Amino acid sequence: MDQVERESLEADVLIVGGGPAGLAAACRLMQLANEHNQELMVCLVEKGSEIGAHILSGAILEPTALSELFPDAKNQGAPLDNPVTSEDMYFMTSKTSSIRAPHFMLPKDMTNEGNYALSLGNMARWLGEQAENMGVNIFPGFAASEAIIEDGKVVGVLTGDMGVDRQGEPKATFQPGYEIRAKYTLFAEGCRGHLGKRLIDKFALAKDAGTQHYAIGLKELWDVKPEKHQAGRIMHSLGWPLGFGRSATGGGFLYHLPDNQVSLGLIVDLSYSNPHLSPFDEMQRWKHHPLISSILEGGERRAYGARAIVKGGYFALPKLGLPGALLLGDDAGFLNPLKIKGSHTAMKSGMLAAETVFESMQESADGGLDLASRYAEMVRESWLYDELHRARNFGGEVHKLGSLFGSAAVWCEHMLFRSRLGVSVSDPTPDHATLKPASSTPRIAYPKPDGVISFDKSSSVYLSNTNHEEDQPCHLQLADAELPIRDNLPTYDEPAQRYCPAGVYEVVEAESGPQFVINAQNCVHCKTCDIKDPAQNINWVVPEGAGGPNYPNM
């Protein structure tokens with residue numbers, strides 16, 4: 001397509017991503033501007049159709065950062081109406097049995113007193129309202145497709161063109177994207193952010209960091225019978241169906257929300273080794289365990305979704321910025337893997353980034369401060385750093401020892417040594433390099449879904465409200481179009497057809513032989529393919545703005 005003329009917008013600060021990190025940064029910037037009687041032009045672009053449309057999390061919110069940002073958040077209408085009232089940890093020893101762990105044996109960082117079970121999407125919507133009320137310009141449905149880099153400095157982004165056909169040619173509905181320029185750009189795209197990933201690579205921001213690791217989280221929202229509902233009760237599980245060994249690690253959750261609803265799901269670490277494993281099908285059979293099915297029986301499934309989770313923690317943090325830009329939240333990897341919580345840490349990183357940027361503005365009109373160094377210093381001086389440092393060995397211990405012995409090592413470190421163990425445990429093997437050949441691993445016979453407790457992928461994707469304009473360039477790009485059939489199929493039985501939670505990838509038989517088919521319109525934007533593909537052949541890029549899932553109450 002020929003070069004098109006784009007409209008240009010100017011801002012003091014541009015934020016890419018409307019999740020907890022980006023919205024907290026926006027709100028904190030406006031608070032600082034109001035405190036100093038300064039005018040500030042803050043723009044936030046969000047690829048989802050609305051704030052919260054692409055937000056998916058368990059979610060248990062630790063209110064630490066929210067209380068710092070809005071001390072009166074509850075009275076201001078924040079959705080903090082469901083405090084955790086009880087919690088249980090179960091070791092599922094088989095498909096029918098389990099052992100409940102005594103609460104006193106759980107490390108403090110793994111308990112949830114004072115936290116809230118809620119919809120993170122609804123919390124994001126509330127934060128978005130606060131940001132707009134303060135004067136932030138929020139543009140939902142605008143996907144940032146390229147970072148504008150001039151003389152080694154980020155000076156803004158380009159948003160994607162709309163109305164382009166599969167061959168890249170403009171249709172009758174064509175609308176060119178915008179050029180949004182800013183003195184500062186904050187990237188808060190979430191886990192495996194499209195632009196954040198590219199900036200980390202282009203500027204070698206992770207050259208001194210450890211290996212980043214990920215999981216896939218699959219979630220459903222159910223209405224359950226009132227007699228089976230206990231508001232504020234939360235459950236976690238380890239073991240079956242993933243087992244307790246090293247080959248596949250992760251665990252389940254079930255949280256009782258208001259209005260007789262529960263959110264539940266399975267988290268599967270993407271370091272698993274068996275290419276026949278299907279995280280989606282593992283979750284479906286996990287729901288048949290009596291601990292879970294007894295709550296779901298007689299209920300109705302309302303929503304489904306999936307999202308990658310960044311789990312590298314302390315050791316995997318990259319350099320946090322570059323000239324003109326900073327990385328926030330999961331774009332940098334601020335999730336606490338021990339707590340399996342990233343909302344409060346994402347918000348704190350956003351607030352610290354906002355304070356860094358505002359301080360830089362006070363030094364000079366063009367920002368004379370070394371953003372990355374100052375931001376890193378502020379992180380080190382905050383509780384955010386202390387929290388991640390306490391949890392630094394969790395991922396390495398579980399990856400190296402498995403769920404059972406890894407959990408025992410975590411318990412010893414935190415209960416006996418009070419997180420002061422003078423040993424560093426990390427896992428240098430990236431998740432895409434852990435698969436074993438399909439011929440040397442057992443096939444997994446997953447039971448057919450019963451349509452009552454367990455379901456298939458197509459009906460699940462329908463509940464995610466996922467929609468993409470079909471006649472647009474495929475946003476799942478292959479570096480080598482022949483590789484899936486030539487290499488991945490004979491070696492790994494092409495694992496994309498199983499690790500994708502939305503049925504995007506298929507191997508179908510044709511007269512000319514097997515074909516690799518990409519059903520991009522089904523994509524729920526989880527980014528698992530970008531992470532787990534053993535040849536790193538799949539590159540996830542943003543589709544047209546507003547495409548993807550539309551999660552209600554997730």
Side-chain angles (χ1 to χ4, degrees), residues 17-20 46-61 117-125 140 189-193 214-223 250 252-255 257 261-268 270 278-284 286-287 292 296 299-310 330 335 340-343 449 454-468 475-476 499-505 519-532 540 542-543 546-554:
E46 161 59 35
K47 65 182 174 67
S49 60
E50 64 169 2
I51 293 295
H54 289 179
I55 299 293
L56 183 143
S57 177
I60 300 295
L61 179 73
L118 47 70
S119 158
L120 189 62
N122 289 340
M123 175 57 73
R125 292 179 180 97
E189 306 160 284
C191 177
R192 195 75 166 188
Y214 302 88
I216 179 173
L218 304 107
K219 176 183 174 180
E220 294 178 354
L221 188 68
W222 284 65
D223 291 336
F253 64 90
L254 190 151
Y255 305 150
L257 304 176
Q261 285 195 325
V262 297
S263 66
L264 67 150
L266 189 70
I267 296 171
V268 180
L270 291 179
S278 165
F280 175 88
D281 292 299
E282 295 290 346
M283 176 189 171
Q284 296 308 312
W286 169 81
K287 289 187 293 176
I292 310 303
L296 300 183
E300 183 176 0
R301 191 174 65 146
R302 292 296 187 185
Y304 164 81
R307 189 73 173 93
I309 303 167
V310 61
D330 287 354
L335 181 137
I340 320 177
K341 293 183 180 65
S343 301
S454 51
F455 303 89
D456 61 16
K457 285 184 180 179
S458 60
S459 64
S460 299
V461 174
Y462 176 78
L463 290 180
S464 71
N465 300 302
T466 295
N467 183 58
H468 295 87
H475 68 280
L476 301 161
Y499 60 60
C500 174
V504 168
Y505 302 100
N519 305 301
Q521 65 274 17
N522 285 0
C523 179
V524 295
H525 296 198
C526 75
K527 315 287 184 69
T528 302
C529 57
D530 194 291
I531 297 163
K532 188 60 176 174
W540 193 101
V542 288
N550 280 280
Y551 291 133
N553 201 32
M554 289 283 270

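Here the structure is a predicted model, which means the values were calculated and not measured.
- Take Ile55 and apply the side-chain contact (heavy atoms from CB on, under 4.5 Å) test, not counting sequence neighbours, and it matches Pro20, Leu120, Ala124.
- From Gln261, atom CD reaches atom CH2 of Trp222 across 12.5 Å, with rounding to the nearest 0.5 Å.
- With sequence neighbours excluded, the residues that form a side-chain contact (heavy atoms from CB on, under 4.5 Å) with Ala117 are Ile60, Asn82, Ile234, Tyr255, Leu257.
- Counted by atom type alone, Ser460 and Arg301 present one or more donor-acceptor pairs between their side chains at under 3.5 Å.
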- Message: Leu221 vs Leu463, test: side-chain contact (heavy atoms from CB on, under 4.5 Å). Steps then yes/no.
- Response: CA-CA 10 Å; Leu221 188 68; Leu463 290 180; over 6 Å; no
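- In this structure a side-chain-to-backbone donor-acceptor pair under 3.5 Å is present from Ser263 to Gly58.
- When every heavy atom of Phe253 is checked against every heavy atom of Leu266, the shortest pair comes out as CE2-N, 4.1 Å.
- Side-chain atoms of Pro549 and Thr466, non-hydrogen and from C-beta on, do get closer than 4.5 Å to each other.
- Checked against salt bridge (charged side-chain N to carboxylate O under 4.0 Å, His left out), Glu189 has no partners two or more places apart in sequence or in another chain.
- A donor-acceptor contact shorter than 3.5 Å links the side chain of Ser119 to the backbone of Met554.
- For the residue pair Trp540 and Cys529, the shortest heavy atom distance occurs at CD1-SG, 4.4 Å.
- Heavy-atom minimum distance, Cys523 versus His475: SG-NE2, 3.4 Å.
- Here Tyr214 pairs with nothing under the ring pair (Phe, Tyr, Trp, His ring centres under 6.0 Å) rule; sequence neighbours left out.
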- Output, in order, the C-alpha distance, side-chain angles, deciding distance and verdict of side-chain contact (heavy atoms from CB on, under 4.5 Å) for Ser464 and Val461. CA-CA 5 Å; Ser464 71; Val461 174; 4.0 Å; yes
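- Evaluation of the ring pair (Phe, Tyr, Trp, His ring centres under 6.0 Å) rule for Phe455 yields no partner, not counting sequence neighbours.
- With values rounded to the nearest 0.5 angstrom, Leu264 atom CG is found 10.5 Å from Leu218 atom CG.
- Qualifying side-chain hydrogen bond (donor to acceptor under 3.5 Å, both in side chains) partners for Lys287, counting only residues two or more places apart in sequence or in other chains: Glu220, Gln284.
- Ile216 and Cys526 make their closest contact through CD1-SG, 4.5 Å (heavy atoms, listed as atom of the first residue, atom of the second, distance).
- By the ring pair (Phe, Tyr, Trp, His ring centres under 6.0 Å) test, His54 is found to be paired with His525, residues two or more places apart in sequence or in another chain being considered.
- Checked against side-chain hydrogen bond (donor to acceptor under 3.5 Å, both in side chains), Asn522 has no partners two or more places apart in sequence or in another chain.
- Of all heavy-atom pairs spanning Tyr304 and Ala306, the tightest one is OH-CB, 4.3 Å.
- Note that the CZ atom of Arg302 and the CG atom of Asp223 stand 4.5 Å from one another [nearest 0.5 Å].
- When the salt bridge (charged side-chain N to carboxylate O under 4.0 Å, His left out) test is applied to Asp456, no partner is found at least two apart in sequence or on another chain.
- Applying the ring pair (Phe, Tyr, Trp, His ring centres under 6.0 Å) test to Tyr551 and every residue at least two apart in sequence or in another chain returns nothing.
- In this structure, OG in Ser343 is found 9.0 Å from CE in Met123, a value given to the nearest 0.5 Å.
- Summarising the geometry, atom OG belonging to Ser57 is positioned 6.5 Å from atom NZ belonging to Lys219; distances are rounded to the nearest 0.5 Å.
- We find the CD1-CD1 distance between Ile340 and Ile267 to be 5.0 Å, quoted to the nearest 0.5 Å.
- Between Val310 and Cys191, the closest heavy-atom pair is N-SG, 3.5 Å.
- Not counting sequence neighbours, the partners of Asp530 by the side-chain hydrogen bond (donor to acceptor under 3.5 Å, both in side chains) test are Arg192, Lys197.
- In this structure, Gln521 has no side-chain hydrogen bond (donor to acceptor under 3.5 Å, both in side chains) partners at least two apart in sequence or on a different chain.
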